[in-house]
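Since the structure comes first, as structure tokens, the remarks are kept for the end.
FYI, the numbering just counts along the sequence from 1.
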Amino acid sequence: MLSAITFGLLALAASSGVFAAPSTGPGAKPQKIALQSRTTPKGHVTSLRRRAAKAIGVPLDDFFLGTDLQWFGNISVGTPPQTVSVVFDTGSETLEFASTECTSCAQPNKFDPSKSSTYKRGNEVTTLDFATGVGVDPVVDDDYVLTVRNGTDTVTVGGVAVKDISLFTIINQTKAFNVDPFLGIQGMGSQAIGFFAALEKLGLPSLFSLYLTPHTVGHAELLLGGLTIPRKLIYADQTGEGDWEVESSQITVNGKTTSVLKQTRSVIFDSGTSNVLFDTETTEAMYALISPNIKPFPAEPGAYGLPCSEIDGLPAQIDITFTSQQGRPFNLTIPSEELNVGPFSSDPCTCQTLINAFDGLSLVGGSLLKHYYSVWDVGRQRMGFAPNGIGCARMFFMIIVLLKGMIPVAPLQYIRMRV
């Protein structure tokens, strides 16, 4: 999820650092932590790896509303523990969630600070605005704004409790957030901060892996400190400071490229964003290789679409080329099936397409990540990828069902999320 402030990919407003726990009591001003403080130089392994704790698995649910939007799971906060559902978001860096102080938050079972004996309330209140939201729509007119209060409490993940973790409780939010089935966000940026840094101190290896899947498959999982299944991974250097960023040499669409798409660019990997975002020139160069009928949708700046009658079966394979740590190019692919994210509510005959224009940004989200097993190695500052095999399994299943005459001929209908 792309935020304009502390727990987002771009710290555009209030802070360039991340707050640690108050040092002299709940009213103290949070201390800033330098983002590079827990980076391990490439090629080195920290002593924490040599005394590694057992990896922690967190099952993830898929927030599906016509398309796969977010993957979220449970942590516990407070003493006694209260269950808090969060998106594990690689595009942000801190923990924040709805509290009972938030009367505008529609989510049930909000965190109640008064019921936690270990909660320490801070005096810092900050307004946070987001440049991307939970759904597929570009953000317009401050659709996504949170007001949060800082504090600390005990956070438990997979039965492992860590004390005095810096966090933010949401005390007000705009109505766009009310569609969310989860209470908040746990940032999983490229530096070990907050609860992940505390888990490191307990001996957990400084990496995590994500197995994101389409809702039809399920069984998605976050694994802290390990890999779910041994598999052949391709690793690339991570170059972002706070975000997860890998340099790309070119983009091809349906096997073709252009001078614009051959430009080198740094691509951000954000598990909390659904769509793909590139600058306007790149976005329109990609669409030109898919269909001349894909046009900007004036009612939602940055969004594009075409007549729904033309979108089913339209070839739109996007290959983004990166370079491995061994110096060899490799592609990460977004298949054609991801192009259609459903009709615009204001114009049901026009379907929104996957790529949004956002000048100054190159970002891929869940539409790519759900086709790969991904490793996010904080200690070695690298990312690893391997095909998760889901596409082949789904295709095999559909072929078998087709042979049995069980798949209807009518195209699938999508319902696009509106907030």
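Two residues are said to be in side-chain contact when any heavy atoms from C-beta on lie closer than 4.5 Å; K295 and Y304 fail this criterion. Counting only heavy atoms from C-beta outward, the side chains of E247 and T323 never approach each other to under 4.5 Å. At a threshold of 4.5 Å between non-hydrogen side-chain atoms, the residues Q238 and S190 count as touching. Using a 4.5 Å cut-off on side-chain heavy atoms (C-beta onward), L60 and F88 make contact. With a 4.5 Å cut-off on side-chain heavy atoms, V84 and N74 do not count as touching. Residues T154 and V77 are not in side-chain contact: their nearest non-hydrogen atoms beyond the backbone lie 4.5 Å or more apart. Under the 4.5 Å side-chain criterion, counting only non-hydrogen atoms from C-beta, K110 is in contact with L183. For the pair T282/R265, a side-chain contact is recorded, criterion being any heavy-atom separation below 4.5 Å from C-beta on.
E101 is linked by a salt bridge (Lys or Arg N to Asp or Glu O under 4.0 Å) to R149, counting only residues two or more places apart in sequence or in another chain. The ring-ring contact (aromatic ring centres under 6.0 Å, His included) search around F72 returns F182, not counting sequence neighbours.
In summary, the aromatic rings of Y287 and F278 are positioned with their centroids too far apart to meet the 6.0 Å limit. F322 and F269 have their aromatic ring centers within a separation under 6.0 angstrom.
Sulfur-to-sulfur, C308 and C351 sit under 2.5 Å apart at their SG atoms.
Between the side chains of D89 and Q186, no donor N or O sits under 3.5 Å from an acceptor N or O. Between the side chains of T280 and D359, at least one donor N or O lies within less than 3.5 Å of an accepting N or O. For the residue pair N331 and T333, no side-chain donor N or O sits within less than 3.5 Å of a side-chain acceptor on the partner. With 3.5 Å as the limit, one finds no donor-acceptor pair spanning the side chains of Q107 and N109. Residues S116 and D153 bring a donor and an acceptor atom of their side chains to less than 3.5 Å of each other.
Atom OG of S362 and atom CD of E245 lie 8.5 Å apart (nearest 0.5 Å). Note that OG of S266 is 12.0 Å distant from CG of L363, once rounded to the nearest 0.5 Å. L306 CG to Q352 CD: the interatomic distance, rounded to the nearest 0.5 Å, is 11.5 Å. Note that CD1 of I294 is 9.5 Å distant from CD of E310, once rounded to the nearest 0.5 Å. With rounding to the nearest 0.5 Å, the separation of CG in D319 from OG1 in T252 is 4.0 Å. Here L212 contributes atom CG and S367 contributes atom OG; the two are 11.0 Å apart, rounded to the nearest 0.5 Å.
Using a cut-off of 4.0 Å between Lys/Arg side-chain N and Asp/Glu carboxylate O, D237 and R382 are scored as not salt-bridged.
Classification of the F330-F385 ring pair by plane angle, with boundaries at 30° and 60°, yields tilted. Between Y373 and Y211, the ring planes are tilted. Angles from 30° to 60° get that label.
Screening residues 91-111 for ring-ring contact (aromatic ring centres under 6.0 Å, His included), with sequence neighbours left out, gives F97-F111.
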